[in-house]
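Some notes on the structure that comes next.
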Amino acid sequence: MDDQNNPKSRSTEPVSTPAKTEPQIRPAVPRNTNASGAEQLATSRTPEQSQKKKRKILTIVLSIVVGLLVIGGVALAIWYFMWQSSDRKIGHDAIEKVRTAEAVAVKGDINFVAKSSSSLPEGMKLSINFDAESTKSTAALNVVGQYDSGSGDSITVKGSVIAANDTLYLKIDNLSEITDVALGDDSTPEAQEFFERYSDRWIKISTSDLEGITSESGTDATTTCLTDALYNFANNKDQVHEFYDIVMDSGVISAERVGKEDVAGSPAYRYDITFDSDKVKSENLAGAMKETAFYQSLMKCSNDLTDLTEVSSGDISTSMDDMPQPKLSIWVNTKTHEPVRVLFEMSDDEAALTADFEFAFDIDGKVNIPADSVTIQELVTELYGGSIAPTNLQLN
């Protein structure tokens with residue numbers, strides 16, 4: 001038997017089996033303990049992943065910024081249109097412009113016409129054209145007045161007035177013409193000569209001059225107190241706005257913005273003002289007025305002043321019913337909120353009155369005080385020839 005078929009002839013060496021493969025361990029990467037969480041996280045991302053993450057964060061940040069800008073813009077717009085551009089805010093600004101202005105110029109016309117049912121002559125007309133400038137301590141006024149009796153007679157007055165502190169300067173350009181018309185046949189050569197001499201000449205009137213030619217010496221305490229109260233009111237922002245808000249809140253006066261028009265070359269809001277006579281009669285308004293600092297300062301001046309709550313509603317109703325309903329329009333500059341024009345109209349069966357004023361606040365406000373003038377004392381003394389003592393002349 002050959003060896004191939006003989007089991008004993010097979011090799012008795014053990015069969016080798018494949019050796020087990022030991023798992024390979026990656027060397028540990030040293031950890032940067034000082035790195036932030038974001039930096040450590042970035043080390044495990046690919047550059048593409050990091051770039052996508054940065055774009056996402058940038059998008060979120062930009063979205064937040066844009067959102068804040070939109071919200072802020074909307075809030076700013078609401079604030080502007082609800083307050084800065086509101087009628088109440090414009091009203092407050094207009095009052096402040098007038099109250100705090102260093103200098104103001106105003107020009108305008110006032111016209112009065114009597115109608116057929118009036119006790120005055122039908123067709124009687126009075127027209128006044130003027131221009132004025134005012135500062136904190138001085139004011140100047142130039143005026144031209146035209147009177148027409150309605151029956152053919154007419155007279156024109158041209159003059160100027162300057163106020164400086166407690167002194168008044170008065171000049172009538174055509175004084176001699178006026179006296180000729182006024183005196184008529186009663187005029188004398190002496191009177192004509194006198195008025196011609198003082199025509200177009202400044203006449204100085206001071207407080208001391210008036211005290212010298214009247215029986216009154218000084219000002220009584222009540223008048224002084226009332227004058228001081230009015231002055232303090234005009235120069236006190238809180239009191240002015242308190243009074244304004246009470247009037248507007250009461251509904252006595254309502255303002256409606258009706259459009260935009262050009263005044264003196266600049267755009268201005270036009271407000272039509274209406275008056276509610278029924279609200280004037282309301283006791284609520286009187287009660288609110290009593291609480292104002294201005295009213296309380298007035299009431300301290302004298303015990304003889306009538307309290308608002310003591311005025312009967314019947315007296316107020318009668319006064320309001322007898323008065324024609326006035327129309328008032330005010331134009332306010334759209335940018336500066338300065339009042340630039342006022343139009344007042346009032347008419348009934350007896351007469352018609354119109355007053356139209358324009359204002360300017362960008363002026364130098366310089367008023368020249370007359371260097372050459374005659375005092376009212378000198379004029380009165382010459383007028384009466386010394387036969388009447390100036391201290392006994394009653395002008396009041």
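No hydrogens, no waters, no symmetry mates; every other heavy atom, side chains included, goes into these values. Remember, it's a predicted structure, so these values are computed and weren't measured experimentally.
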Ile128 and Phe112: CA distance, side-chain angles, deciding distance, side-chain contact (heavy atoms from CB on, under 4.5 Å) verdict: CA-CA 9 Å; Ile128 299 174; Phe112 174 86; over 6 Å; no

OG-CD distance between Ser266 and Glu261, expressed to the nearest 0.5 angstrom: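 These two atoms lie 13.5 Å from each other.
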
With a 4.5 Å heavy-atom cut-off, do [X] and [Y] have their side chains touching?
| X | Y | result |
| --- | --- | --- |
| Leu168 | Val161 | yes |
| Val98 | Val104 | no |
| Trp202 | Ser160 | yes |
| Lys171 | Asp200 | yes |
| Leu328 | Tyr271 | no |
| Leu226 | Leu298 | yes |
| Val240 | Asn235 | no |
| Val342 | Phe359 | yes |

Test: Arg201 and Asp372 ion pair at under 4.0 Å: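 Answer for the salt bridge query: no.
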
ring-ring contact (aromatic ring centres under 6.0 Å, His included) partners for Phe233, two or more places apart: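 Result, ring-ring contact (aromatic ring centres under 6.0 Å, His included) vs Phe233: Phe243, Phe294.
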
Contacts of type ring-ring contact (aromatic ring centres under 6.0 Å, His included), residue Tyr147, not counting sequence neighbours: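 Not a single residue meets the ring-ring contact (aromatic ring centres under 6.0 Å, His included) criterion with Tyr147.
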
Whether Tyr244 and His241 hold their rings parallel, tilted or perpendicular, with breakpoints at 30° and 60°: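 Ring orientation, 0 to 90° scale: perpendicular.
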
Worked check of salt bridge (charged side-chain N to carboxylate O under 4.0 Å, His left out) between Asp93 and Lys97: CA-CA 6 Å; Asp93 288 347; Lys97 294 293 183 180; over 6 Å; no

Glu177 and Ile155: CA distance, side-chain angles, deciding distance, side-chain contact (heavy atoms from CB on, under 4.5 Å) verdict: CA-CA 9 Å; Glu177 298 176 15; Ile155 188 170; over 6 Å; no

Pairs involving residues 223-240, ordered by first then second residue, that meet salt bridge (Lys or Arg N to Asp or Glu O under 4.0 Å) (sequence neighbours left out):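 Pairs touching residues 223-240 that pass the test: none.
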
